[in-house]
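Please read the structure below before turning to the comments.
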Amino acid sequence: MMNREQILEVFLKHYGKIIGITLGLLISILILTIGFIKTIFISLCVYIGYFFGSKIDKKENIWELLDRILPPGSLK
C-alpha cells in the first residue's frame with residue numbers, strides 16, 4: 001500500500017495527465033447526461049469565471065477590462 005508521500009509524489013509527477021483525465025471524464029459524463037450544447041455552455045461559463053478570477057488574482061482592474069470589451073457607455 002502506498003503512503004501519503006508516495007501518492008503526492010506520483011500526483012506531482014503526473015499532474016497534467018491526472019487533470020486531463022479528470023476533465024475528460026467530467027466532460028464525457030456531462031455530454032452523455034445533459035447533451036452537447038448544454039455542456040459547451042457550462043464549459044464557456046467556467047472559462048469566463050476562470051478568466052475573471054485570474055484577473056482578480058493578479059489585482060487587475062475588472063472595470064477597465066469590461067470598459068474595453070463592452071460598447072462605450074454601457075457601464076454608466
Side-chain angles (χ1 to χ4, degrees):
M1 184 138 184
M2 297 177 76
N3 60 23
R4 283 187 173 176
E5 290 81 23
Q6 290 172 325
I7 293 172
L8 182 61
E9 182 181 330
V10 168
F11 182 76
L12 292 175
K13 184 177 181 182
H14 301 286
Y15 176 77
K17 295 173 194 167
I18 293 170
I19 297 299
I21 288 170
T22 305
L23 285 174
L25 179 65
L26 177 66
I27 290 172
S28 65
I29 290 171
L30 285 172
I31 288 173
L32 291 174
T33 56
I34 65 172
F36 181 74
I37 298 298
K38 290 178 183 177
T39 300
I40 295 297
F41 176 73
I42 291 170
S43 299
L44 181 64
C45 290
V46 168
Y47 174 75
I48 291 170
Y50 170 80
F51 177 77
F52 283 109
S54 69
K55 297 296 182 186
I56 291 170
D57 286 345
K58 294 177 186 175
K59 309 270 191 268
E60 294 182 23
N61 190 342
I62 299 298
W63 296 111
E64 289 178 6
L65 175 67
L66 288 174
D67 194 38
R68 284 185 288 166
I69 294 173
L70 298 173
S74 61
L75 291 178
K76 292 181 180 183

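Quick note: numbers below take in every heavy atom, side chains included, and nothing from hydrogens, waters or symmetry partners.
For Lys17, the side chain to side chain donor-acceptor pair (under 3.5 Å) partners two or more places apart in sequence, or in a different chain, are His14.
Residue pairs that meet the ring-ring contact (aromatic ring centres under 6.0 Å, His included) test with at least one member in residues 27-62, sequence neighbours left out, do not exist here.
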Which pairs of donor and acceptor atoms, one on a side chain in residues 19-34, lie under 3.5 Å apart (sequence neighbours left out)?
{"unit_1": "Thr22", "atom_1": "OG1", "unit_2": "Ile18", "atom_2": "O", "d": "2.8"}
{"unit_1": "Ser28", "atom_1": "OG", "unit_2": "Gly24", "atom_2": "O", "d": "3.2"}
{"unit_1": "Ser28", "atom_1": "OG", "unit_2": "Leu25", "atom_2": "O", "d": "2.8"}
{"unit_1": "Thr33", "atom_1": "OG1", "unit_2": "Ile29", "atom_2": "O", "d": "2.8"}
{"unit_1": "Thr33", "atom_1": "OG1", "unit_2": "Leu30", "atom_2": "O", "d": "3.4"}

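For Glu9, the CD atom counts as loosely surrounded, since its 6.0 Å shell holds 12 or fewer non-hydrogen atoms of other residues, nucleotides or ligands.
Rounding to the nearest 0.5 angstrom, the gap separating the CD1 atom in Ile56 from the NZ atom in Lys58 is 12.5 Å.
Under the 4.5 Å side-chain criterion, counting only non-hydrogen atoms from C-beta, Gln6 is in contact with Asn3.
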